[in-house]
Structures are given as structure tokens and as C-alpha cells.
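In what follows, chains carry the letters A, B, and so on, assigned in the order in which the sequence lines appear, proteins first and then strands, with residues in each chain numbered from 1. Predicted model only: the values in this text are computed from it and were never measured.
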Amino acid sequence: MIEKTYEPGSVEGRIYEQWLKANAFAAGAGAAPGADTFSIVIPPPNVTGSLHVGHALNNTIQDILVRFNRMLKKDVLWQPGMDHAGIATQMIVERQLMEAQEPSRRDMGREEFLRRVWQWKGESGGTIMNQLKRLGASADFSRERFTMGENGAPDDQMVRAVTKVFVELHERGLIYRAKRLVNWHPGLETAISDLEVENIEVNGHMWHLRYPLADGVTYEFPIEFDEDGRPTAFETRDYVIVATTRPETMLGDSGVAVHPDDERYASLVGKFVDLPLVGRRIPIVADEYADPSLGSGAVKITPAHDFNDFEVGVRNDLEQINIFTTRGEIIDTAPEAYRGLDRFVARKRIVVDLTALAEENSTRGLDHIEDKKIMVPHDEKSKLVVIEPFLTDQWWVKADVMAGPALASVREGRTRFVPQQYENTYFAWLENIKPWCISRQLWWGHQIPAWYGPDNRAFVAHTDFEAQAAANAHYGKPVVLRRDEDVLDTWFSSALWPFSTMGWPDETAELKRYFPTSVLVTGFDIIFFWVARMMMMSLEFEKTEPFHTVYMHALVRDEKGQKMSKTKGNVIDPLALIDQYGADATRFTLAAMAAQGRDIRLAINRVEGYRNFVTKLWNAARFLEMNECRRVEGYDAKANRLPLNRWIVGATARAATAITKGIADYKFNEAANAAYDFVWGTFCDWYVEFAKPIFMGDDASAKAETRATAAYVLDQILKLLHPFMPFVTEELWAETGKHGPARDGLLMLQEWPHLEGLEDPEADADLNWLLNVISSVRSVRTEMNVPASAKLPLIMVGADETTLRRLVASTSLITRLARLEEISPQSEIPSGSAQFVVGEATWALPLAGFIDLEVEKARLAKDIGKLEGEIAGVDKKLANAQFVAKAPTEVIEEQKSRREAAIDRRDRIGAALARLS
RNA sequence: GGGCGUAUAGGCUCAGCGGGAGAGCACUACGUUGACAUCGUAGGGGUCACAAGUUCGAUCCUUGUUACGCCCA
């Protein structure tokens, strides 16, 4: 017996265990012999992560695709795994050490610290994998991979993959080491990539500083102008004014730049200024970077602490003077007064000191301060720490070179984006890509396979043994090597994910079978971080694209359209949704709202609505069971006699087509809605209602056919809904399997319905007529305020043979569903009746003494008004010679038949109205 | 500043689309109906942001404007 209520909480865990026990998620489970493959690699969630609603959407979509393709009997692999998430994970463990008042990372040393991180990873990392299981994810968890492998050891396959890629890219000249400005995180004391920096606009200031000219040099600076902007008055100055948003960087100034065409300063190029507070003599250079229209037109140049200034410095051979420690404090080579000060403290101190200078001498020190909105680089994760351009030695990937093939793949259609518009985003970034800084000054991650000799020459090699050999050969004697302490950017290893998870660099069977993958499902926010880099790495090492299709799904926002964030407190926890409404309702909601190219505003009431849908399905199945609708061995859906049953199998076929097409086109909302409409709006609302009188009647053969058909259609529904709602469908599959022929296994391994050829236009016409009559009676009853309890007679006038035949076949149905007393064909409409028109016939509900004539007249008049409007519209079109001449004939025919139908209807209703007065 | 996207029911969340404006929620009325009140039946409600253009015909295509969102600088 199917329970009275469906309780997801008690069913889901049990069903999931059954799937696991049956090994139904394993690669190739249920596949037809020799079937095509379908493979997906999961976007590996951070090992520190927990399931948020974005993951829920991402994995719901993957699971729908995977379950669908598995039911198509393909050889399916959904490859799961996690990312070691270098920075995030290291921070978590460091914080734990701090909270437990244990020795810090540096105090305990690298080896012990890493042991602790692995320990933590083993204990509490991977929560998210269990949370994915709650969602119903059918990934092959036996193949779970981690970006750092089992234990991070050099001979671990995942580590070998990274090492091989690094070494070979280095050999090919695509990885190099160089001293460049990087985005430096002074809190974490590591470099980060430009993608991990977020520029945030803040209210800042522009400080205008006077730099005195050296060697007694003066010049004439224009201070008044005529209408045409020509200078009319000058003053003699022995200083230049430079403007900066970061006064503290003046400690590292090594030049002042003016534009080569700026006449005001032409005489100063090649002269020097004495840097205030520091006393350094620095040159004035001409460089096009200086914009004459901004501020005074002269800019201070700090090559070691600004990306633009760095370039200016290189062009003009200016010194690169670093003024910060790795923690963003002023270094000891700076003037004593500032040593050891934090960046922002130093800024204040310098402004104070420059102000003091100005008070002593009005041609020195601070000129003035201007309020200005400025863009400040922040750490993209915390959005709190200001990122510092910092000069260090780092490892870089020549991303611009590798971008070429990655661009070509998409341009030439070997990989396509869905929706396509994201290709533009991809192109725009790859066309302007900058070198990728891949080294991080962390401990948690893939340690860079480079060893340094006594003179700091780097030997890049697969193993220390190999490096040692190379070094010994190079120096001609045994030397002591020191391994690079740094690790690689997390995204370096994630970039290899589609093939490293399949065993690369070993030539495994999986790699051969499942790579390249079929589709990547991910959010657009990691196109650059991940998608583009997987493309580059795969094309470089496997000479093929890692996936044929990239499906980009939307961002999930709250119902007001705001990004969910912990600080805003508007986070919807998918696990809470699953607890409250069930995994199926949660999944169905996400799928139903996943329209392409549009953000999802998740509204709880939608989840509630789809929870109700789960209940509806449950109850329908329960009703069928109660009415002994059992599957029949050898049932043939094409052999039905009753129009009702011929109609429903045809409608099922249409629904199957729509759902199949929706999933295949990545239009999950269309598939979900087609399923919802069919199951609720057609199967439950009409078919089951029509079936009731048959079940209660005594026509044994009709009863048998309808029972068998109902059971058959329910089976199809369970299959069609399974990718969206795996739990409730699997449970009902088992319940309905208790009667009738034995099931051959789990629903998730059944074959997807192929129902072509079941459509039956004749039955459709019969049933549409029936729906129409019943709806019309119901509508009239409501509008006439007829109590639901009142059973009325229905009179039909002017029916043709078809209608009579239909009426004979369906009298009991109509009587029941429209709550009638009896139905009789008559030759005349009784006076005082409410009337309506279906087809050629006019129908009447004799309500004399009961209906309000005026209300009925108004109702009919309103209908006529609508029809008149429609007729007028069509007439106008048909009267237009251009329309008749140019519109396609089928459109014209359609308009004509619409017009006829409307006129016919209007006339009949008009006649009904006339009878009332 | 450059790029991308979105504007559809007097409320909310959203479909759709070159020829007849849709769903769910909310709302109103009714509910003695042997699956389901997590329900049923019916109903009200939109000049599809604004303007111009293309077209026989525009909610849909083009351009512009406005508003909002996102990405990049």
C-alpha cells in the first residue's frame, strides 16, 4: 500500500542507499552494449565548502543530464571530486591553530603544518560531497578525486599530472620565472592573480604635493588664461606639483614624468627634483603616460608600487625602489621616521610631515587635498584587504600564447557555449589576456618542481633526483640544491581536471573512453578562472578540447534580485529547503527556473508549489493503486479502444517529446514545465477524473483497458520525471512494482520512453469537445451563482451526428463532472435558460426563476463583445490588400477560418441572447 | 569609459513569441463530489518600459531613450 502522505525525509535516505548498493552510479551502469559515452566532470567544490544554492543548481542540472543520458542507455560517467582550494584551506587551518592556541604555521614548520591540513581534510573536508548526496547527485563516488591526490606525494597520479604539465610547459618556454610587479596580499603574504583582485570604488583623496627642483632650477608656470585658453600671466616656480592618491609611495619615487608635448614643463625634462622627506635626487622625464589635462600634468613615478609607473620606469630607466615588507610595512632602508609603520599609518604620517613643510614654506610640502572617488584593488574574497603592487620573483604562464588555440576552438565551433552570448565574454578576456602568475607563497598546494643552485639558477624537473643530476651536470660538480618553497595557484591543478581525474598522464581506459567530456556545466563567474584555462591546458597536452559544450547557468539570487551573502543575511540554504520541502521539490524548482541567460530569483513560494506537485503525483499514484490500476503484461498502448485511453497515451507521447527536447536543448525550464503541465493539468485534472466513473461502473472491458492504460501512463510519467525528481519517482516505481509483472530493477536504470506514433487526432478531437462542454457548464454555473450542490438538467439543441455520438459516449462523464441531473437533446431552448455554445450546438441550463436575466444577458453580451473584437481585427487584416497579397497563404487561411468560427459563435450566442428578451 | 544582459497580469516569482497575451503564488467566489485542503471548480486583472524605424502585420526584429543588473577598465 502506498502511504497516505509522502515524507521525503524518511524516503530519500533509503532510496539513495538502494542506488549506491546497486552500484547504479558507477561509470557505465545500465549502458547498452556498445553505447555512446556521455561524460561530465563536476566543477570541483572547495574542500572547505558547504553546499550553497549555487552548487545545488549546478549539480541539479548535471544530475538531470546524467540521469537522462543514463536512461538513454548511454555509457555515462559523472566524475566527482574536490579542489584543495589553497588559500581558503590554509587560512582555515591557520585560524584553527590560533583558536586552539597552538603554535603558528611558521612555528610548527612546513611538514607538521601540512600534516595538520591533511588531517583536517580527512576529518571534516568533504562535507559537501555528503551534501551533494542529499540532493540526489548520481555521480560515480567510487571515482572521487582530489586536486592534490590521495596524499600529495610526488608519485601520486594527480601530483604527477601537475608536475608533468609544469615541467613540460617550462621546457616549451611557456612557463618562466621573472621579477615583476604582482598583486600582493599583505595579509596572507602571497602573490595572487589579477583575477583574484577586485577593484572597488571608494571615497579617497588626491594629494597635490610640491617637489622642489634641484640645482636652483626655475621655470615659468602659467597661472592666468584668456578666453581661448592662452596663458596671459606666469609665475616663477622652483618646484613642480605632482598629484597622488597614495602619498606614502613617495618614499619609493624614482622620477617625475611630464608629457613630451607639455610646453609648461618642456624646460624641465632632464632636470631633477629633490624628493621631500627622503632627500633623494630623482630625474624629470618625458613620457606619454603623463596626462597634461589631469591635475598639474606632472606625475610622480614609483616603479616598484604601481603597474603604470613600472612601465614608465622601464621605458625611462628609472630605479625600482621597494619600500614595503611582505606585510605592507615600511622597510628599514626607508627614512628612519617611517620604518616599520603600516602602509596606512605611514600615509598619515607623511601627510602630516608634508603639511608641516608647507606651513614653514608656501612653496614646499603639501599644496592641497582634493576629494576624489578612486578605484582601490581589494582582495576579491574578503573585499577588505587592500592589494599592493609588489615587486617579487614569481613563476608565470605565457597565457597569451596558450590563448590562441583556445580562442580558435570556440570560434570554429569545436566547443560551443550555451547560451551563446557567453562566447563574447570568453573572447574578450582571452584576446586581452595577461601573463598568469601561478606561484603562491603558501604551503598548502602543489609545491613548484623547481630547485635552485648556489647561484639561484633554477632547475625545473620531475623529481629532485632529476634536478640534482641536471645541476651537477651544469656546475660540473655536486652542488646543494634548495627546492622552491612556493606552491602553484589552485587553478593550475583545476585546469587539468577533465583529464587528470581520468588518470592522466597514464594512458588509462577511462581516459580513452570518457575524454573529451560531453558537456561542462558551470557558472559564468568562472569562465576565466577555470573554463578558459581548462581549454588551454587540454589543447596543449591532449590536442583536443576538454568538452564539446559549455552550459553556463545563471547566478541564483534572492527573490529581490540581490546576490546572496552571509553579511546581508539573505542566504537560502539548500539543505534547509531539502529538509523542509524535500530534495525533489528543491531540484524541480531550480530546474523550472533555469531559463537560459537569466538570473534565478529564488522564491520560496515556488518551492512550496513544486512540493505540492510532488504530493499531487504521490496521491495520483495512490489513487490508481486503490483502483487496482496494475500494469498488464504485454499491454499495447496502440490497441486501446476507448477514446479516453487513446487520447491520454497520445498526450503522454506529446509530453515525452517536449520533455526530451527540453533537456536535449538545455532548456530545463521548458522540460520541467511540460512535465508539470502534463502530469497535473492533463493526467490528474482530466484523465483521472474521466476514469473515475469507469472504475465505478460495470463495463468490465472498459475498466480493464482504463486500468491498464492508467498504470502504463503512470510508468511513463515516473520515467519522464525521474531526472528531475529522482526520489519520489523511484519510490513510486517500487510501490507500483509490487503488483503486476515484476520490475526489472531500479527506475534510474530503465530506458527513457520512446512513444512516437501514439498520437491519435480523432481521440484528441473527442476529448477536446468533452473538456469544452464540461468547462462551459462549470463556467456558467459559477457565473450564475448556481450552488455546487444543485444538480441541473442540460439541454442540447442543434447537434450534428458527431456531437450526438460523442454525447452518447460521454453522457455519464459529463453528468458527473459538470454536476448535472440529466442531459437531453431537444428541439428548442426553454425560456429563461443560461446558454452556451460548443461547436455547432447550443446548450442550455434551464434556470427559470433561478437566474438573474440581466446577469445572464450581460454575460452573453460580454462574450459577444469579445468575439466582435476578434472579428473586427481579422476583418481589418483581410481587408488590407497588402496583407492578402504578401502574407503566406496558410496565415490567410488561418485568419479566414478563425473569422468564420468567431462569426458562427457570435451568431449562436447572439441568438441565445435574443431568446432571453 | 567599453562590453553584456534585463524591462510582460494595478502585487510577487517568471515563461513565451513576427500573425489569436501565458503559468505559479497572491486575490475573489463557491466547494454534500470516496487520490489529494500540500486539494477542487470558476473568476477578476496586462495599450508586453518609452520613442522611432523595418514589415502586409511588432510584445517579439533594428536603432535610440530611460531604469535596473552584471562583467571589464
Practice prompt. Specify the separation, in whole Å, of atom CD of A:Glu431 and atom P of B:A73.
Written response: 15 Å
Practice prompt. Compare every heavy atom of A:Arg246 with every heavy atom of A:Pro389, then report the nearest pair and how far apart it is.
Written response: CD-NH1, 4.1 Å
Worksheet entry | Nearest-angstrom distance, C1' atom, B:C14 to B:U6 | 13 Å
Discussion item. Counting only side-chain heavy atoms from C-beta out, which of B:A73, B:G19, B:A35 sits nearest to A:Arg622?
Written reply: B:A35
Practice prompt. Specify the separation, in whole Å, of atom NZ of A:Lys886 and atom P of B:G19.
Written response: 18 Å
Fill in: B/S/- contact track for nucleotides 37-45 of chain B, protein heavy atom under 4.0 Å
-BSSSSSS-
Discussion item. Taking ring-ring contact (aromatic ring centres under 6.0 Å, His included) as the criterion, tell me which of A:Phe417, A:Phe524, A:Tyr422, A:Phe668 meets it with A:Tyr551.
Written reply: A:Phe668
Worksheet item: Which of parallel (below 30°), tilted (30 to 60°) and perpendicular (above 60°) describes A:Trp843 and A:Trp769?
Response: tilted
Fill in: Length of the line joining A:Lys667:NZ and B:G16:C1', which is rounded to integer Å
11 Å
Discussion item. Would you say A:Arg898 places a side-chain N or O within less than 4.0 Å of OP1 or OP2 belonging to B:G20?
Written reply: yes
Response to the item:
Here the distance between atom C1' of B:G18 and atom CZ of A:Phe883, to the nearest Å, is 12 Å
Practice prompt. Provide the distance between the two P atoms, one in B:U28 and one in B:C61, to the nearest whole Å.
Written response: 37 Å
Worksheet item: For RNA chain B, what dot-bracket results from Watson-Crick or G-U pairs at under 3.5 Å, with [ ] for crossers and | for inter-strand partners?
Response: (((((((...((((....[..)))).(((((.......))))).....(((((..]....)))))))))))).
Item to complete: Would you mind reading off the distance between A:Tyr676 atom OH and B:A23 atom C1', rounded to a whole angstrom?
Response: 8 Å
Worksheet item: For atom C1', what is the distance between B:C48 and B:A7, given to the nearest Å?
Response: 10 Å
Practice prompt. Compute both the distance and the angle, then confirm whether A:Arg533 meets the cation-pi test with A:Phe528: under 6.0 Å from the six-membered ring centre, within 45 degrees of the axis.
Written response: no
